[in-house]
Amino acid sequence: MNYPMKTLTSSIIEDRHSSIYIPYQLLRYFIKKSNSKEETKKPTMFSPKFYSIFTVLIFLLLNPSHAQLTSTFYSNTCPSVSSIVRNVVQQALQNDPRITASLTRLHFHDCFVNGCDASLLLDQGGNITLSEKNAVPNNNSARGFDVVDKIKTSVENSCPSVVSCADILALAAEASVSLSGGPSWNVLLGRRDGLIANQSGANTSIPNPTESLANVTAKFAAVGLNTSDLVALSGAHTFGRGQCRFFNQRLFNFSGTGKPDPTLNSTYLATLQQNCPQNGSGNTLNNLDPSSPNNFDNNYFKNLLKNQGLLQTDQELFSTNGAATISIVNNFASNQTAFFEAFVQSMINMGNISPLIGSQGEIRSDCKKVNGS
Ligand code: HEM
Ligand SMILES: [Ca+2]
C-alpha cells in the first residue's frame with residue numbers, strides 16, 4: 001500500500017513551525033503591500049519591489065534550515081538501500097520471530113532522545129561515557145543491535161559511507177512493520193548520525209510503562225507528537241514481548257490497594273499471574289498482543305476494549321475516564337485501515353523529530369561508534 005503525501009506545499013508553508021514560515025510571511029507582506037496600492041504594477045527588473053521578492057526567494061533557496069528529509073535522498077548514491085535493509089531483516093526474521101518488533105522499537109527509542117540521530121546505537125567507551133543502551137528503558141530490554149550492524153555491513157558493501165545509521169533505523173522499522181503484515185510506506189531519508197549519546201535524556205524522555213496517561217501525553221508533546229500520534233504509535237505493541245518487571249505492579253497489589261489493577265480482564269489476569277508470580281523472575285517474556293503476537297494488525301486495540309492491555313500505559317489509553325484517546329482506540333479497533341493510515345503518518349512524524357541534516361553530524365561507518373574513535 002502506498003500513502004501519497006498530502007498536498008504538501010500549502011500545509012507546509014502555513015505551518016508555523018515550518019522553517020519557511022517566516023520568509024513566507026514576508027513574501028505575503030510584500031504582496032499585500034503591492035496589492036493595497038490603487039494601481040498594481042507588475043514588478044519590473046530593478047524596481048525595489050523586484051529586489052524584495054528576489055531577496056526572499058534567494059533566502060528561501062540558500063537557507064539550509066528548510067532542507068528536509070526526502071524519500072529520494074539516496075536515489076543516486078544508494079538506490080537499492082531499502083531492499084538491502086529489507087533483505088537483512090527478512091533473513092533475521094527466519095530465526096527470530098520477535099526481531100521485527102525489536103527493530104521497530106529501536107527507531108522509537110532513538111527518535112525520542114536528541115531526535116532521530118542514532119544516538120541510541122553508540123556503545124559506551126571513549127568519549128561516550130554514558131551510553132543510551134545502558135539507560136533504564138534500554139538496559140536488558142532494547143535488542144536487535146546485532147541485526148542493525150548486519151544491515152549496516154550489507155549497506156556499506158554496496159554504498160560505502162553514504163547511508164546514515166539513523167536512516168537505517170527508520171528503514172528497518174518500515175521493513176519490519178510491512179514484513180509482519182502491516183502497512184508499507186515511503187520512508188523519508190537524509191538524517192545524519194549524531195556524535196553524542198544522552199543517557200539521562202533516555203531516562204527522562206522515553207515514557208515508562210507505569211506512568212499516567214497525562215505524563216505519557218506530555219512526553220509525546222515534548223517531541224512534537226500529539227494524542228493521535230500517541231494512540232497510533234502505541235499500536236506498535238501489536239507485536240513483540242514485554243518482561244514481567246514492566247507490568248507486574250498491576251498483578252497483585254496495584255497502587256497499594258492489595259488488589260490487582262481493576263482494568264485487567266480477570267481471565268487475562270490469571271494467565272499473567274501464573275506467568276509472572278510474585279518473587280519470580282522479572283525477566284520472563286509475555287506477548288504484548290496475546291491474540292496475534294507476531295502480526296502487525298489492529299488486535300492491540302481490540303484487546304484494550306476487552307481490558308487485555310499488557311502494560312498499564314496501554315490500558316490507560318482506553319480506561320482513563322474522559323480521555324481523548326478513547327474514541328481513537330475505538331476507531332482503530334473497528335477499522336484496521338484507519339489504524340494503518342494513522343500509523344504510517346505518525347511514524348513519519350516520529351521520524352521527523354529533530355533530524356541532523358546537511359553538514360551536521362556525520363555518516364558513521366560503524367553504528368556503534370563515532371568515526372575516528
Ligand atoms: C506510549 C509509551 C510507550 C511505553 C510506556 C512503552 C513501553 C514498552 C515496554 C515496557 C516494553 C517491553 C520491553 C521489555 O520487556 O523489555 C515495550 C516493548 C515494545 N515497544 Fe513500547 N512503549 C511505548 C511506546 C512505543 C512506541 C511509540 C513504539 C513504536 C512505534 C513501541 C514499540 C514497542 C515494541 C515493538 C515493543 C516490543 C519489543 C520487543 O519485543 O523486543 N512502543 N514498550
Ligand atoms: Ca498483533
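Each ligand, and each atom within it, is numbered from 1 in the order the structure gives. Hydrogens, waters and symmetry mates play no part in the numbers below; they use all other heavy atoms, side chains included.
- You'll find the ring centres of F296 and F343 inside the 6.0 Å limit.
- Taking every heavy atom of G240 and a limit of under 4.0 angstrom, the matching atoms of ligand 1 come to 37 (C), 40 (O).
- In this structure, atom 19 (C) of ligand 1 lies nearest to the protein heavy atom R105 CD, 3.4 Å.
- With ligand atoms numbered from 1 in the order given, ligand 1 contributes 1 (C) to contacts under 4.0 Å with heavy atoms of L230.
- The Ca ion (ligand 2) has no N, O or S atom of N294 closer than 3.0 Å.
- Remark: ligand 1 atoms within the under-4.0 Å shell around heavy atoms of A236 are 28 (C), 29 (C), 30 (C), 31 (C), 32 (C), 35 (C).
- Among the atoms of S291, no N, O or S atom falls under 3.0 Å of the Ca ion (ligand 2).
- Not one N/O/S atom of Y300, from backbone or side chain, sits under 3.0 Å from the Ca ion (ligand 2).
- Residue contact check: G242 has heavy atoms under 4.0 Å from atoms 12 (C), 15 (O) of ligand 1.
- Within ligand 1, counting atoms from 1 as listed, the ones closer than 4.0 Å to a heavy atom of P209 are 5 (C), 10 (C).
- Only one option out of S180, S176, S178 pairs with T100 in a side chain to side chain donor-acceptor pair (under 3.5 Å); it is S180.
- The atom name of the N/O/S atom in D289 closest to the Ca ion (ligand 2) is OD2.
- Formation of a donor-acceptor pair under 3.5 Å by the N279 side chain with backbone atoms of P277 is not found in this model.
- Closest to atom 28 (C) of ligand 1 among all protein heavy atoms lies F108 CD2, 3.6 Å.
- Looking at D297, its N, O or S atom nearest to the Ca ion (ligand 2) turns out to be OD1.
- The distance from ligand 1 to the heavy atoms of S234 drops below 4.0 Å at these ligand atoms: 1 (C).
- Rounded to 10°, the angle formed at the Ca ion (ligand 2) by S292 OG and T238 O is 150°.
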